[in-house]
Amino acid sequence: MDSTPELCSMRHLTTCSLTLLLASLIRGQMLNGDEGRPSCSRCDLHLSCNCSYSGFTSVPMVTDQALSLDLSFNNITMVTQDDLMGLSRLRALDLHGNRLAVIHPSAFDPLWSLEELDLSDNQLTTLNHKWFSKLEVLQQLNLLDNPYSRLSSPSLFYGLVRLRRLMFGGSDLKELRTGDLLGVTELDELSVHANNLARC
Ligand SMILES: *[C@@H]1O[C@H](CO)[C@@H](O)[C@H](O)[C@H]1NC(C)=O
Ligand SMILES: *[C@@H]1O[C@H](CO)[C@@H](O)[C@H](O)[C@H]1NC(C)=O
């Protein structure tokens, strides 16, 4: 049932936190360098690469000139340390609607231009603050609808000083703690799906 209403979606976090309180598959190929990796060349003139709905089970190679990469609605199960190597110009990465259960702690480190990251609707049972530690210009982060029961400590979002839009939660979210949003100071929009909280 997909009926989790937005508890919270407003301009100012301070007001919002109050409302809040109320309310493996290993990759198919053996790798010889990059030879075993699938690739996607569906990139337009604006270097926007749309590799959605393509049945990928691992992250395909794309040009390292890519500015945006849509990998939504594939069957990708993990992001390794090397999958996103070289994509230093990438501004938007969409992994919505895959089967991601594993993300290497430094998988996103090469993406130092990344402004938008969508990991929603996957199989992530734990969240790791290390994923985001190098994403200093990240403005938008969507973690909705994964089977994690709480956010991680230390704060996932500490250091994301440019973050403006944040979405998290889902039917498995059981617990919210006051420190969870530590470091998040300038949000324009916060969406939390939290219908099944056991405690705050
Ligand atoms: C990619 O293509 C799909 C349809 O195949 C479309 O729904 C989606 O909006 C496109 N993504 C982008 C970023 O344009
Ligand atoms: C993902 O895999 C399942 C079963 O393996 C298949 O039914 C489904 O069509 C695949 N989805 C995509 C988007 O390729």
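Sequential numbering from 1 along the given sequence is applied to the chain's residues. All ligand and atom numbering here is 1-based and tracks the order in the structure.
- Note: the hydrophobic cluster containing V184 also contains L127 (ILVMFWY, side chain heavy atoms under 4.5 Å, direct or indirect links).
- Aromatic ring orientation, H96 versus F73: perpendicular (interplanar angle above 60°, classes split at 30° and 60°).
- Put simply, L84 and W112 are part of two different groups of oily side chains (I, L, V, M, F, W, Y) that touch within less than 4.5 Å, one to the next.
- Under 3.5 Å, the side chains of T80 and D82 contain no donor-acceptor pair of N or O atoms.
- Taking the six-membered ring where the residue is Trp, F157 and F132 present parallel rings, their angle staying beneath 30° rather than reaching 60°.
- Cysteines C49 and C43: SG-SG separation is under 2.5 Å.
- Residue-level contacts of ligand 1 at the 4.0 Å heavy-atom threshold are N50, S52, D70.
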